[in-house]
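Down below is the structure, laid out as structure tokens.
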Amino acid sequence: MTNDPDEPKNNISDIPRGKPYDPKEVEEKIYRLWEQSGYFNPDNLPKGNGKTYTILIAPPNITGSLHMGHALENTISDTLIRFHRMRGYKTLWLPGTDHAGIATQNAVEKELKKQGLSRHDLGKEEFLKKIWEWREKYGNIILDQLKKLGCSLDWSRTRFTMDKEYQEAVRTAFEHYQKKGLIYQGERVVNWCIKDQTALSDLELEYAEEKSKLWYIKYPIAKNSKWNKFGVGASEIRNSKFITVATTRPETMLGDTAIAVNPKDERYKALVGQTVILPLVNREIPIVADPLIEIEFGTGAVKVTPAHDLADNEIAFKNNLPILKIINEVGKIINVNEEFDGLKISEARAKVVGKLKELGLIEKEEEFIHNVAKCYRCNSTIEPLPSKQWFLKMKPLAEKAIKAIENGEITYEPERWKAISLDWLRNVRDWCVSRQIWWGHQIPIENCEDTFDTWFSSALWPFAALGWPQETKDLKNFYSATVITSARDILHLWISRMIFSGLEFMDQAPFKTVIIHATVLNKEGKRMSKSLGTGIDPLELIEKYGADATRFGLIYQTFGGQDIHFNENVLMMGKKFANKLWNIARFVSTKTEGNILANNEPDLDGADEESLALIKKLGETIKDTTDNLQKYNFGEAAHVIYDFVWHDFADKYIEHSKTKNTKDVKMILVYALTTILKLLHPFMPFITETIWQELVEKNLVKEKILIVAEWPNQHSVL
RNA sequence: GGACGGUUAGCUCAGUUGGUUAGAGCGUUCGCUUGACAUGCGAAAGGUCACAGGUUCAAAUCCUGUACCGUCCACCA
């Protein structure tokens, strides 16, 4: 360098540089190489240790596209599958998609709507044909997206939860339950979605806070009133005594069959057993006592509408009250009188409030924030109403699941989800398994038009996907799975139901370990939501940073299910790391070209201090990576390798190697690099395989493909 | 209402059973064509570990309480 100020300073851009690693050039090619190798299919794997290792995928909905949750979940699964494949297990990760009843029906209906058609215009048969067409066209998009992520799924075994064999599984399962007397039909208050025209289970609801009003309504007490069943005029009202109730849904008073108060409530003790006249309809209904009623809330007295409220229904059951259905399946008033019948719920509410006001029976109105149940698919307000549905008795099934979880047959990772699962199973209610939608498995009962809850078929996935009820080889070899990775929001909806189903039909839990992974939140700590536009598309990230960097970035942040505040910086780190590795490989292969026998372990006799230190550290890294992966400490494992590669190998040893040209040093360089590629392969499969293939060409390694190369053993270097 | 998780550098997060000067990546500042890498190399600044008590020779770590953020369960009329 010169100090002459006139001498132009070297500009960085003038310096010839190596081309950075470009994932786009290699990822597709490498994925094809793997597919051609056949090693995604366990039947083609080398003999190995003779053990099998199965992971269950959560079959994505055919309506879906990959989101960050999928990306994390499947990265974790693929990391485990690749790790075990290299360790000599016959690994099976079976792909599939879920028919997703309501979601798919809605998606196709939406498309029809664009042409001004409804599903009723087409009729059931035509409509179902349309859905199948739609499924052919779009149903595999999400699986292709998993390929982009590098997931090593056995595509030859791909299943769909509505394919023929699967329908047989569903039928067999139902008939089994029926034979055991666990199926019954009942007229029960169910969660009814007026838009989708179907019943929903408790788990299919979401609650949203809505601003509403709390109306205080005065009901005249019969004994102390001039009221009678013919109604009253203004003078009678003045002379009456009342009991006041608070409600957010005044229109449901048309279906009231009682007033309830807490038995300990001194204010109302004398009134229990008396009757009131229900205004507007002038029915006489009793005042009953029930401990469910909170003394503090509202007036402490509650109107009881057993047909349209689950809690009220319980009170009615205990007190033998009649159940009067006044709202029908399309959300209109029925069974009241000419004045109200046929009105929509909102119209009825306005009319009831108006008339009560005229009569002077509204004591007051308060602003009130109310938690309203919504359909988890279409977000319409749920209307509880009595309906004939099919139920599965849960108690005997839940008991089996509870036992298996309690005795450790199934473990949870992190462990805290165990208690949460047990809690749900211990308090579970019977499962309403019938739905009134068209797209789904038919309930195999004569003249029954109903379909099954999608989760009924999903619950059978761990064995139905392997061919059950046929006694297939796959079922024998690959049931049950070692691991399932899942988001926590389907812990009960899916995981718990798979557990009791597996125990019931296979006499064995469907998996050993449940990994509940982090929820990927946005930077503000809020849930990513497609509808709110706050989601990040993982495919865009793959495009920008490469699949390896995306995977590594996600895994690098995965510590014990702790939620991830997603930050793109981490992916940049992953991308830089990939580039670093690329350059390390370039350096090593240039330096050692033609000099090294393939795959030889270095001879450490007479090795220098730096070499010994590196080899020692490498041994520790192998051990720590292996241990951490076995304990599902994904983040730690990624950190361990990252630190070794960058700071021990590149910063120290490669720099050291520049001062020495001995054969020993060269052998150690190759040995360390190949070991690193193996350790890193489950995390960053594309770049490691790409480099590996170059080493194969240069005759620096013996094993022809990294995906089934042997996982390094720390003892060989210690 | 019940349960659980979190709070550590400007940002996103590690910190295993309590034990020297609490770490990483990104960002910031300074220097750098160094045998692969400027997506790099070398250095530096930056922390009352949410708060208040307690246990201990010793606390980010264990205990109690408080505050705030978040999740799940229950659905309160």
Side-chain angles (χ1 to χ4, degrees), chain A residues 1 9-22 202-203 205 207 212 214-217 245-250 252 259-260 292-294 296-305 309-312 315 368 370-373 382 384 414 416-417 419-421 423-424 427 488-489 491-492 516 518-519 521 523-527 545 549 553 556-591 627-628 631 633 635-636 638-639 642-643 646-647 650-651 654-655 657-659 661 669:
Chain A
M1 216 201 283
K9 214 180 169 192
N10 277 325
N11 188 318
I12 287 169
S13 61
D14 294 339
I15 305 159
R17 295 284 161 195
K19 204 169 145 233
Y21 172 66
D22 183 2
D202 294 342
L203 293 176
L205 310 183
Y207 288 85
S212 168
L214 197 56
W215 283 273
Y216 287 76
I217 306 176
V245 300
T247 181
T248 54
R249 299 201 55 192
T252 62
I259 300 281
L292 278 181
I293 307 304
E294 267 180 58
E296 312 300 327
F297 188 91
T299 61
V302 180
K303 58 191 274 317
V304 180
T305 319
D309 184 289
L310 282 159
D312 289 6
I315 295 172
F368 189 69
H370 188 47
N371 240 354
V372 182
I382 292 297
R416 62 173 184 273
W417 298 105
I420 293 170
S421 293
D423 193 51
W424 183 76
N427 298 300
R488 61 168 146 282
D489 49 358
L491 185 66
H492 312 312
I516 299 296
T519 304
L521 306 169
K523 239 181 159 175
E524 285 74 44
K526 293 278 154 58
R527 215 190 174 83
Y545 301 98
Y556 193 82
Q557 307 177 67
T558 295
F559 285 87
Q562 183 55 44
D563 284 349
I564 293 173
H565 286 210
F566 185 73
N567 188 334
E568 255 188 69
N569 285 339
V570 186
L571 298 207
M572 186 41 100
M573 181 218 65
K575 191 175 182 183
K576 287 181 177 180
F577 185 48
N579 192 55
K580 186 77 180 177
L581 187 68
W582 183 250
N583 282 296
I584 287 171
R586 258 188 354 173
F587 176 82
V588 171
S589 90
T590 309
K591 181 157 176 121
D627 288 354
N628 278 318
K631 286 189 236 156
N633 296 333
E636 281 97 327
H639 279 256
Y642 180 95
D643 287 343
W646 205 299
H647 302 301
D651 289 351
I654 287 188
E655 290 311 315
S657 79
K658 288 174 183 172
T659 67
N661 252 324
L669 282 173

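Residue numbers begin at 1 in each chain, while the letters A, B, ... track the order of the sequences. Remember, it's a predicted structure, so these values are computed and weren't measured experimentally.
Under the Watson-Crick or G-U wobble criterion, with both distances below 3.5 Å, B/A58 has no partner in any strand shown. Across all strands shown, B/A24 forms a Watson-Crick or G-U wobble pair with B/U12, both key distances being under 3.5 Å. Using N1 to N3 plus N6-O4 or O6-N4 for Watson-Crick, or N1-O2 and O6-N3 for G-U wobble, each under 3.5 Å, B/C68 pairs with B/G6.
Test A/Lys576, A/Lys575, A/Glu568 against A/Tyr545 for side-chain hydrogen bond (donor to acceptor under 3.5 Å, both in side chains) and you get one pass: A/Glu568.
Put simply, A/Lys580 has no side-chain N or O that comes within less than 4.0 Å of OP1 or OP2 on B/A38. Residue A/Lys576 has no polar side-chain atom (N or O) positioned under 4.0 Å from OP1 or OP2 of B/C37. A/His492 has no side-chain polar atom (N or O) that falls below the 4.0 Å cut-off from OP1 or OP2 of B/C73. A sub-4.0 Å separation between OP1 or OP2 of B/C73 and a side-chain N or O of A/Trp417 is absent.
Separating the C1' atom of B/A67 from that of B/A50 is a span of 8 Å, rounded to the nearest Å. Across the C1' atoms, B/A52 and B/U7 are found 15 Å apart, a figure rounded to whole Å. Spacing of C1' atoms, B/G19 relative to B/U56, comes out at 12 Å, to the nearest Å. As rounded to the nearest Å, B/G25 and B/U34 have P atoms that lie 23 Å from one another. Taking atom P on both nucleotides, B/G31 is separated from B/U20 by 36 Å, rounded to a whole Å. Atom name C1', nucleotides B/G54 and B/C13: the rounded distance is 30 Å, in whole Å.
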